[in-house]
Amino acid sequence: MTNQKENTSRNDRIYAVIREIPPGCVLTYGQVAMLAETPRGHRLVAAALRGSGSLLRLPWQRVVAKHSRKKGRIATKGDDATEQRALLVREGVSVDPAGLISLEAHGWLPID
DNA sequence: AAGTTGACGGATG
DNA sequence: TCATCCGCCAACT
């Protein structure tokens with residue numbers, strides 16, 4: 001048989017990775033995809049989070065877009081962005097007015 | 001069935 | 001530094 005179960009669990013792996021991000025830390029979509037064994041699946045991570053819903057109790061706020069080599073950025077828009085910023089600040093993550101976050105200070109994985 | 005979309009990322013101008 | 005384009009992969013129309 002083919003690896004159909006891998007397909008089914010792809011989404012679950014993404015959730016599993018996000019669930020293991022410690023408070024006060026952030027990961028980029030690309031990093032989550034990499035840890036979830038989906039090397040170029042950064043867009044799939046975004047899709048998974050968008051379709052997840054809040055009942056999963058997923059720390060979605062810890063997933064940010066990579067803005068530059070050492071900076072992350074809140075990728076949500078509207079009210080979600082406001083909520084994400086509040087949740088992060090509440091965890092001790094410093095977020096710039098523009099929504100930028102220092103990956104060196106708060107990134108879960110080392111940058112270089 | 002084929003084109004469009006998206007909570008992205010990297011390269012280029 | 002900011003704006004734009006192309007690539008990636010599944011879901012949606």
key: Any residue meeting salt bridge (Lys or Arg N to Asp or Glu O under 4.0 Å) with A:E83, in chain and number order, not counting sequence neighbours   =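 By the salt bridge (Lys or Arg N to Asp or Glu O under 4.0 Å) rule, A:E83 matches no residue at all.
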Take atom [atom1] of [X] and atom [atom2] of [N], then tell me their distance rounded to the nearest Å.
| X | N | atom1 | atom2 | value |
| --- | --- | --- | --- | --- |
| A:H42 | C:dG7 | NE2 | C1' | 8 Å |
| A:R69 | C:dT1 | CZ | P | 14 Å |
| A:M34 | B:dG9 | CE | C1' | 13 Å |
| A:R73 | B:dC8 | CZ | P | 8 Å |
| A:K77 | B:dG6 | NZ | C1' | 9 Å |
| A:L100 | C:dT1 | CG | P | 11 Å |
| A:W60 | B:dG6 | CH2 | P | 18 Å |
| A:L56 | B:dA7 | CG | P | 17 Å |

inquiry  = Pair A:D112, A:R69 - check salt bridge (charged side-chain N to carboxylate O under 4.0 Å, His left out), show working.
reply    = CA-CA 9 Å; A:D112 286 52; A:R69 206 142 102 36; 2.8 Å; yes
If you look at every strand shown and take non-hydrogen atoms under 4.0 Å, does [X] touch a base, only sugar-phosphate, or nothing?
| X | answer |
| --- | --- |
| A:T38 | nothing |
| A:G41 | nothing |
| A:A47 | nothing |
| A:R50 | base |

Could you pull out all donor-acceptor pairs under 3.5 Å where a side-chain atom in residues 86-93 of chain A meets a protein atom, sequence neighbours excluded?
residue, atom, partner, partner atom, Å
A:E91, OE1, A:G24, N, 3.1
A:E91, OE1, A:R62, NE, 3.0
A:E91, OE2, A:Q61, NE2, 3.0
A:E91, OE2, A:R62, NE, 3.1
A:E91, OE2, A:R62, NH2, 2.6

Would you mind telling me which of [options] lies closest to the side-chain atoms of [X]?
| X | options | value |
| --- | --- | --- |
| A:A75 | B:dG9, B:dA7, C:dC9 | B:dA7 |
| A:L49 | C:dA10, B:dC8, B:dA7 | B:dA7 |
| A:Y29 | B:dG6, B:dA7, C:dA10 | B:dA7 |
| A:R43 | B:dA7, B:dC8, C:dA10 | B:dC8 |

Would the distance check show the side chain of [X] and the main-chain N or O of [Y] forming a donor-acceptor pair, the cut-off being under 3.5 Å?
| X | Y | value |
| --- | --- | --- |
| A:H106 | A:S94 | yes |
| A:E37 | A:I14 | no |
| A:T82 | A:D80 | no |

inquiry  = Once rounded to the nearest 0.5 Å, what's the spacing between atom CZ of A:R85 and atom CG of A:D96?
reply    =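 Going from the CZ atom of A:R85 to the CG atom of A:D96 covers 8.5 Å.
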key: Transitive ILVMFWY side-chain link A:I18 to A:V64, under 4.5 Å   =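 Per the 4.5 Å side-chain linkage, A:I18 and A:V64 are not co-clustered.
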Listing time: all N or O pairs from protein to nucleotides 10-13 of chain B that are below 3.5 Å?
residue, atom, partner, partner atom, Å
B:dG10, OP1, A:K66, NZ, 2.6
B:dG10, OP2, A:K66, NZ, 3.4

ask   = With rounding to whole Å, what would you report as the distance between C:dC2 and B:dA7 at their P atoms?
value =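 It comes out at 22 Å once rounded to the nearest Å.
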task = Could you give the distance separating B:dT4 and C:dC5 at their P atoms, to the nearest angstrom?
result =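 Taking atom P in both C:dC5 and B:dT4, they lie 16 Å apart.
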